[in-house]
Number of protein chains: 2
Amino acid sequence: MTGLASGGRLAIAGLGPGDPRLVTPEVAAALETATDLVGYGPYVARVAAGPGLAVHASDNREELDRARHALDLAAAGRQVVIVSSGDPGVFAMAAAVFEALESGPPAWQALEIAVLPGVTAMLAAAARLGAPLGHDFCAINLSDNLKPAALIERRLRLAAQADFAMALYNPRSRARPEGFARALAILGEECGADRLICFARAVATDEERLSVVTLAAAVPEMADMRTVVIVGSSATRRVGRHVYTPRGSVPAGSG
Amino acid sequence: MTGLASGGRLAIAGLGPGDPRLVTPEVAAALETATDLVGYGPYVARVAAGPGLAVHASDNREELDRARHALDLAAAGRQVVIVSSGDPGVFAMAAAVFEALESGPPAWQALEIAVLPGVTAMLAAAARLGAPLGHDFCAINLSDNLKPAALIERRLRLAAQADFAMALYNPRSRARPEGFARALAILGEECGADRLICFARAVATDEERLSVVTLAAAVPEMADMRTVVIVGSSATRRVGRHVYTPRGSVPAGSG
């Protein structure tokens, strides 16, 4: 394709973690006026599609193909929404769309593309737990599909040395479960046995499950691919039923 | 106060960055059933308060006092919503409430407290820019009100060495503008002159202003207290009008 049909546009929309009450009105409005809905099957299934909406569901591993398909539909003049869980800019479809844009036909770069933010999993998980990301923090994708394990290890060590709280996405895949065991071992070395670690599974769905333990008590089986793991900073502590990181950075026990 | 009046509860709610279409239905529902609204004046002013809602607006510097006030109202049996801009768990009111809970009367710990997540400023800014936080990233509050400048410097250097993209909140206060100049100098040393840096001011409001430059061209005056600054990783690049970080971590120019 060398040109663009008129009127096409692509919205890259975040559906939030699961609860419909966490879908922004902006995303709901984009879905109402779309002609085409593109996304990973379980996410597409969360949208109440009317009769006029063409639904294109795909497999989880096909992010770049899905992105190209969405761009192609928009270039043909369709009103396309491609959906991610959470926020599309955090380990989700927005980066894949821009990768596809970069490697695709130059005409695509004139397309109207909007990213519609959402509530990302770590912030929904943090809200349920209290405020464990209440001060400086980082987000690391533990999947080694697209980067070397050595880089993951390096980032974990430097993040611990910076005393960031950490949100760990995609902690444990069925194909490579040993990666998360290694991450726990590194965190134990860098942060010590008493550091708090939170496992938040399927937040804001009927299958939500939360647990908070110390690194000494953490085992890899506490996480699966639907879990976001939050590791406290040295200041992260419990108060009542909640876990939080104070706004200053005084280590727990010394303040 | 040693006991709790029955029926009180406290919701710590995020209003998103400014646009009402980014307020979640969950937050809107909590505001509809509240008896008392507590928050920093300009955030409280964003809520369309009905005649039955008691509004308690306060100054920006009084976070702990405001949190205690909200807890006190809930302990007295009121239905209280305390509002933050963005997400309440990211450099906002949730941590302040849990600090107040920790230092307050033990009876407060039995209160029903819910954190209602929102779209935080860095993710709204990233969405407008493209997907600069599309891979591993960190969020650092540059305000030195509550932590030493040396810790900020250490976190910036380690984050750069980890090759995180970075979101910098509260980059520049009127009282201490020199802090951000120092941050830019550190980033220049660690990341090099060609690294992309994005200034996103008042995102999702009528006063939104975005700019993207290299570190070589960045000057402190590009940021104020309404700006979120996003510094790219080594892989962050431009495509068309957008800025994004690919899902893998191949540095820009080598992939």
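Each chain gets a letter, A, B and so on, in the order its sequence line appears, and its residues count up from 1.
Comparing I140(A), V27(A), T245(A) by how many heavy-atom pairs each has under 4.5 Å with chain B, the most go to I140(A). With chain B as partner, the option from A165(A), C138(A), A159(A) having the largest number of non-hydrogen pairs under 4.5 angstrom is C138(A). Of the listed residues (A126(A), G240(A), A96(A)), the one with the most heavy-atom contacts under 4.5 Å to chain B is A96(A).
Within residues 10-17 of chain B, no residue has a heavy atom under 4.5 Å from a heavy atom of chain A.
Of the atoms belonging to A110(A), it is backbone heavy atoms, and not side-chain ones, that fall under 4.5 Å from chain B. D87(A) touches chain B through its side chain: at least one heavy atom from C-beta onward sits under 4.5 Å away, while N, CA, C and O do not. Interface remark: M93(A) contributes no atoms to any contact with chain B (heavy atom separation under 4.5 Å).
More than 12 non-hydrogen atoms from other residues, nucleotides or ligands lie less than 6.0 angstrom from CG of D59(B). Environment of CD in E62(A): crowded, with over 12 heavy atoms of neighbouring residues, nucleotides or ligands closer than 6.0 Å.
Ring planes of F98(A) and Y244(B): tilted class, angle from 30 to 60°.
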Between H242(B) and Q109(A), is a side-chain contact (heavy atoms from CB on, under 4.5 Å) present by the stated rule, with each step listed? CA-CA 9 Å; H242(B) 317 281; Q109(A) 299 196 10; over 6 Å; no

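Side-chain contact between E99(B) and V239(A) is absent, with no heavy atoms from C-beta onward closer than 4.5 Å.
Every residue two or more places apart in sequence or in another chain that forms a side-chain hydrogen bond (donor to acceptor under 3.5 Å, both in side chains) with E189(B) is listed here: R157(B).
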